[in-house]
Amino acid sequence: MSPQLEFVADAARFLDAAAGLLAADPVACSVVASFANRAVAAREAGVAPPPGDWWLVVRDEGGAVVGAGMRTAPFEPRPPYLLPMPDEAAVALAGALHARGEETLGVNGALPAAALCAQELARLGGGRVEVSRHTRLFELGELDWPAPAPGRLRHAGRDDLDVTAEWYAAFGGDADEQAGRPRGSSAHELPSRDDLLRRIEAGHVYLWVDAHDRPVHMLGATPPAFGTVRLGPVYTPPAERGRGWAGNAVAHLSHRLRAAGLRVCLYTDQDNPTSNKIYVALGYRPVVDTANLLITR
């Protein structure tokens with residue numbers, strides 16, 4: 001029998017169905033789990049989900065959940081994000097999206113599922129698959145402290161909204177340049193000021209401040225999902241780089257979260273040698289390779 005694909009519009013209903021899968025491997029599933037939790041919180045706060053968003057539950061012939069995904073990206077081409085799933089499910093998903101008339105010009109997520117889905121979409125609709133970014137998920141092993149830098153880690157507050165908004169906006173372009181790509185060549189999530197303020201007020205945005213209490217680095221974190229927190233974005237403005245701010249901020253927050261009994265993970269751009277070197281030196285270890293894929297016609 002073919003895999004059963006269940007498209008769900010409500011994030012809470014999706015979490016009810018997929019909780020067992022997400023809890024079984026909370027690190028590999030952290031993106032989908034954290035976005036689903038965020039969608040539920042937004043709905044409870046009275047924010048309607050964007051039209052066209054969906055969540056995917058993949059079941060085998062016995063009804064067991066064996067995969068999941070989502071299409072909630074706020075940037076074009078709104079690529080679905082896929083968790084690991086059987087190969088035939090990834091191919092079947094491409095067929096279902098084609099049959100639904102959903103234009104799908106990108107797929108992100110775990111390999112090989114994302115690649116198989118993108119290749120089938122290209123076969124059905126024409127075009128070829130190109131890699132926008134190779135990414136890799138890391139989980140903290142044994143924390144290795146970096147050389148100390150002056151200053152401290154603190155929560156961002158309402159008064160920090162302007163600087164954090166500026167740094168969120170700069171993060172994507174700077175990340176492209178550090179990876180050797182043209183600025184703006186890959187899509188990155190950019191929260192609205194209202195969304196960013198909600199994250200700040202919920203305590204999920206941090207700043208490293210120097211000895212003069214001046215913000216020199218920003219670090220985000222997701223709310224815990226199934227005992228796991230994912231860090232990001234990790235951003236130091238160009239004038240402050242090379243001073244140890246990022247390594248110390250990540251180390252201090254990682255230690256704080258680990259002490260609270262949480263697992264800690266983060267994504268890296270495989271083409272950015274600077275960030276990969278920092279995280280490996282801190283004790284982060286690779287878990288799964290992922291990719292952002294585009295379909296060009």
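Model, not experiment: these values are computed from the prediction.
Pairs passing the salt bridge (charged side-chain N to carboxylate O under 4.0 Å, His left out) check and including a residue from residues 50-59, sequence neighbours excluded, read Glu6-Arg59, Asp53-Arg78.
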>> Go through it in stages, so that I can follow the logic: the residues are His217 and Trp167, the test is ring-ring contact (aromatic ring centres under 6.0 Å, His included), and I'd like the CA-CA distance, side-chain angles, deciding distance and then a yes or no.
In response: CA-CA 9 Å; His217 172 85; Trp167 288 354; 7.9 Å; no
> Is there a salt bridge (Lys or Arg N to Asp or Glu O under 4.0 Å) between Arg136 and Asp271 once you walk through the steps?
Replying inline: CA-CA 10 Å; Arg136 180 170 290 158; Asp271 293 326; over 6 Å; no
>> Evaluate Asp174 against Arg183 for salt bridge (Lys or Arg N to Asp or Glu O under 4.0 Å), listing each step before the verdict.
In response: CA-CA 7 Å; Asp174 284 14; Arg183 193 174 186 88; 2.7 Å; yes
>> If you apply the rule side chain to side chain donor-acceptor pair (under 3.5 Å), what do you find for Ser30 with Thr228, and how did you get there?
In response: CA-CA 7 Å; Ser30 66; Thr228 299; over 6 Å; no
>> Using salt bridge (Lys or Arg N to Asp or Glu O under 4.0 Å), reason through Arg230 and Glu139 one step at a time and then give a plain yes or no.
In response: CA-CA 9 Å; Arg230 189 177 69 261; Glu139 182 182 6; over 6 Å; no
> Passes side chain to side chain donor-acceptor pair (under 3.5 Å), Tyr284 versus Ser254? Steps please.
Replying inline: CA-CA 10 Å; Tyr284 278 85; Ser254 299; 2.6 Å; yes
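At least one donor-acceptor pair under 3.5 Å links the side chain of Arg258 to the backbone N or O of Gly141. Counting only distance, with no hydrogens or angles, the side chain of Arg43 and the backbone of Ala11 share no donor-acceptor pair below 3.5 Å. The closest donor-acceptor contact from the side chain of His155 to the backbone of Gly203 lies under 3.5 Å. Within the 3.5 Å criterion, the main-chain N or O of Met70 finds no donor-acceptor partner in the side chain of Thr72. Side chain of Asp160 to backbone of Gly157: a donor-acceptor contact under 3.5 angstrom is found. Side-chain atoms of Asn292 never come within 3.5 Å of backbone atoms of Val107 as a donor-acceptor pair (strictly under, hydrogens ignored). Arg297 contributes no side-chain N or O that, together with a main-chain N or O of Gly127, makes up a donor-acceptor pair within less than 3.5 Å.
Trp245 is listed as a side-chain neighbour of Pro150, based on a closest heavy-atom distance under 4.5 Å.
With salt bridges taken as basic N to acidic carboxylate O contacts below 4.0 Å, one links Arg123 and Glu120. A salt bridge does not link Arg199 with Asp194: every distance from a Lys NZ or Arg NE/NH1/NH2 to an Asp or Glu carboxylate oxygen is 4.0 Å or more.
When the shell of 6.0 Å around CZ of Arg100 is examined, it contains more than 12 heavy atoms from other residues, nucleotides or ligands. For Asp213, the CG atom sits in a packed shell: over 12 heavy atoms of surrounding residues, nucleotides or ligands are nearer than 6.0 Å. A 6.0 Å sphere centred on CD of Glu103 holds no more than 12 heavy atoms belonging to other residues, nucleotides or ligands.
Thr268 and Asn276 are linked by a side-chain donor-acceptor pair at a separation below 3.5 angstrom, with hydrogens and angles left out of the test.
Relative to the ring axis of Tyr206, Arg256 does not place its NZ or CZ within 45° and under 6.0 Å from the centre.
Rounded to the nearest 0.5 angstrom, Asn248 CG and Leu153 CG are separated by 9.5 Å.
Between His252 and Trp208, the two ring planes are tilted [angle within 30° to 60°].
In the hydrophobic cluster analysis, where Ile, Leu, Val, Met, Phe, Trp and Tyr join through side-chain heavy atoms closer than 4.5 angstrom, Val65 is grouped together with Leu22.
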